[in-house]
Amino acid sequence: MKIEAPRGTLDVLPAQQPAREAVIHAAESAAVDFGYRRIGTPTFEDTALFARTSGSGSDVVQKEMYTFEDRGGRSLTLRPEATAPIARAYLEHGLHREAQPVKTFLIGPMFRYSAPQKGRYREFWQLNFEAMGSADPAVDAELIQLFTEIARRAGVGYTRLALNSIGDRDCRPAYVERLREFLAARVGDLDEDARRKLDTSPLRVFDSKNRDVQRTLADAPTIGDSLCATCAEHFASVRAFLDAYGVEYELAPTLVRGLDYYTRTVFEFVNEGLDAAQSTICAGGRYDYLIEELGGPPTPGVGWAAGIERMVLSREGKAKPSAVEIFFAVDEPARRAEILPLVARLRASGRPTDLDYGGRSLKGQLTQAERSGAEIVVIVRAEGATIRRRGEQDHEASLAELERLL
Ligand code: ATP
Ligand code: MG
């Protein structure tokens, strides 16, 4: 029997790493420049953490969780997202006692049992940036600008940033009721998924990827007209700060998020060059009630998550592959042992060095050197050696001189 990678998972082969590393490096370097510190949480959590926070009507809880019982009979779930785990850690370790907001980032794998397609996997990686403990609209704007900066550094293109506010406890319920009435009157135009959401969380019908449902929604009431004064003011400030940063956005009155804990600001970076159902590369928003729902004190928060695979698909230009700098082609096999100490010293001093292992002819080894991208090829002969630098004349040297000349 041939064993292959599990359905929906991804091998990231060496040739694909440079593009991925460009994204991760951009995120890590921007994190430093923006004052976000790395946080790590387990890849599995108590199932209740996600069931409680995501909302029982959400896609994630309904259909996508990898839930299992461990040998001790506990129900555990491979994390489908990182915000709830970070909020749990924030509470569990009393981070609300540190200076607020606590700005963190996490880069790691997430797991969702969804139908695999290009840009949609069962194990995928996310960049996650969160700021907990501040309701200041300038934090929302900072996080959004932070993603634009990561995208710039990583060469990731997107076509638009969609922005909306979905209100809070004061203004959302009345709106949700109006929406429910609107949808209930058009139940014949909804698909099964939308009908189910109509009962549990009508706002999420906006999340539908079904075109017919989207058409029905075109005339639906939007939350924007129903925001209370404080939410409207908060949203206006977020927009003013984005303008100050020079970040362009489109108002998207029907944009909602798939999870229950979002309030006020919600946003998405979309790359229309990707398949429509997988075109969102980064999504986030404010979640002012999340920590409270976990049993903590009222603590506002805001953050986003971006799919690394989708960012890689959205990269423009080629990533520079990591290359060796010095390649040793050994024309006289008997002398191989003599150069190994030098190879080890070069590597120890941070000079990427490689040599041939195939027992190839000199010609074959030089082809190998060329493929490796090496700047310098050293041809070790029975007597002495030749140093061949790209674009320069060959230089003859004794083995003793080699180290000084490299
Ligand atoms: P979608 O609507 O595409 O299912 P979502 O609303 O479920 O996305 P979030 O939970 O907001 O996504 O996750 C944030 C980002 O993580 C997404 O914008 C996307 O880039 C990425 N992402 C989410 N699910 C997957 C997946 N199954 N495979 C790859 N990337 C994913
Ligand atoms: Mg999803």
Side-chain angles (χ1 to χ4, degrees), residues 36 39 49-58 60-61 81-106 128-147 162-176 201-204 206-207 223-224 226-242 252-253 255-268 282-305:
Y36 287 70
I39 186 166
L49 175 68
F50 303 111
R52 173 123 53 102
T53 57
S54 300
S56 50
S58 68
V60 164
V61 171
E81 56 107 17
T83 309
I86 294 170
R88 177 201 50 69
Y90 173 96
L91 254 185
E92 190 169 327
H93 304 286
L95 299 189
H96 58 278
R97 289 191 293 268
E98 293 187 359
Q100 306 293 298
V102 174
K103 304 203 292 187
T104 57
F105 76 101
L106 183 150
N128 231 97
F129 280 75
E130 312 284 350
M132 295 185 184
S134 171
D136 190 333
V139 181
D140 309 40
E142 174 181 279
L143 273 156
I144 291 170
Q145 197 256 331
L146 168 56
F147 181 78
L163 181 72
N164 194 21
S165 171
I166 55 172
D168 66 3
R169 267 178 198 148
D170 293 331
C171 51
R172 194 160 48 189
Y175 165 73
V176 170
S201 51
L203 211 53
R204 277 210 204 94
F206 282 116
D207 245 358
I223 180 100
S226 311
L227 291 183
C228 59
T230 48
C231 283
E233 197 185 310
H234 191 274
F235 192 39
S237 299
V238 173
R239 282 166 10 224
F241 292 131
L242 285 175
L255 177 65
V256 298
R257 302 287 315 124
L259 301 177
D260 261 359
Y261 50 67
Y262 284 101
T263 47
R264 292 188 166 172
T265 319
V266 292
F267 56 89
E268 270 182 9
C282 171
R286 201 160 253 296
Y287 42 84
D288 291 346
Y289 307 132
L290 172 61
I291 291 174
E292 222 177 313
E293 273 169 48
L294 292 174
T299 311
V302 54
W304 54 251

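All residue numbers in this chain count up from 1 along the given sequence. Everything numeric in this text was worked out from a predicted model, so none of it was measured.
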Side-chain contact test, heavy atoms from C-beta onward, threshold under 4.5 Å: evaluate it for [X] versus [Y] and give yes or no.
X	Y	result
M132	H96	no
E92	L294	no
T263	I166	no
E292	T299	no
I223	N164	yes
L146	F129	yes
E81	F50	yes
L227	R172	no

Exercise for review: Just do the side-chain contact (heavy atoms from CB on, under 4.5 Å) check on L163 and L255 with the steps written out, would you?
Suggested key: CA-CA 7 Å; L163 181 72; L255 177 65; 5.9 Å; no
So which atom in [X] and which in [Y] form the shortest heavy-atom distance, rounded to 0.1 Å?
X	Y	answer
R204	V256	CA-CG2, 4.4 Å
S226	Y175	OG-CD1, 3.7 Å
Y262	G285	CE2-N, 3.5 Å
N128	A305	OD1-CB, 3.7 Å
A87	L290	CB-CD2, 3.8 Å
D168	D170	OD1-N, 2.9 Å

Contacts table for residues 231-238: side-chain donor-acceptor under 3.5 angstrom, sequence neighbours left out:
from	atom 1	to	atom 2	distance (Å)
H234	NE2	A135	O	2.8
S237	OG	E233	O	3.1

Check your understanding: Are Y36 and F105 near enough that their ring centres are under 6.0 Å apart?
Key ->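 Ring-ring flag for Y36/F105: false, centres at least 6.0 Å apart.
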Exercise for review: For D136, check salt bridge (charged side-chain N to carboxylate O under 4.0 Å, His left out) against everything at least two apart and list the hits.
Suggested key: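 D136 satisfies salt bridge (charged side-chain N to carboxylate O under 4.0 Å, His left out) with no other residue.
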Check your understanding: Do side-chain atoms of Q100 reach the backbone of L95 as a donor and acceptor pair under 3.5 angstrom?
Key ->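 Yes, the answer is positive, given that a donor and an acceptor are paired below the 3.5 Å cut-off.
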**Study point:** Short side-chain to backbone donor-acceptor contact, Y289 and P300, under 3.5 Å
**Key:**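 Between the backbone of P300 and the side chain of Y289 there is no qualifying donor-acceptor contact (under 3.5 Å).
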About how many Å separate [atom2] of [Y] and [atom1] of [X], when rounded to the nearest 0.5 Å?
X	Y	atom1	atom2	value
I39	T104	CD1	OG1	5.0 Å
W304	F147	CH2	CZ	6.0 Å
E98	Y90	CD	OH	8.5 Å

Check your understanding: Does a side chain donor of either T83 or E130 reach within less than 3.5 Å of an acceptor in the other side chain?
Key ->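 The criterion, which ignores hydrogens and geometry beyond distance, is satisfied for E130 and T83.
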Check your understanding: Considering residues at least two apart in sequence or located in another chain, which fulfil the side chain to side chain donor-acceptor pair (under 3.5 Å) criterion with T265?
Key ->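 Here the qualifying residues are D140.
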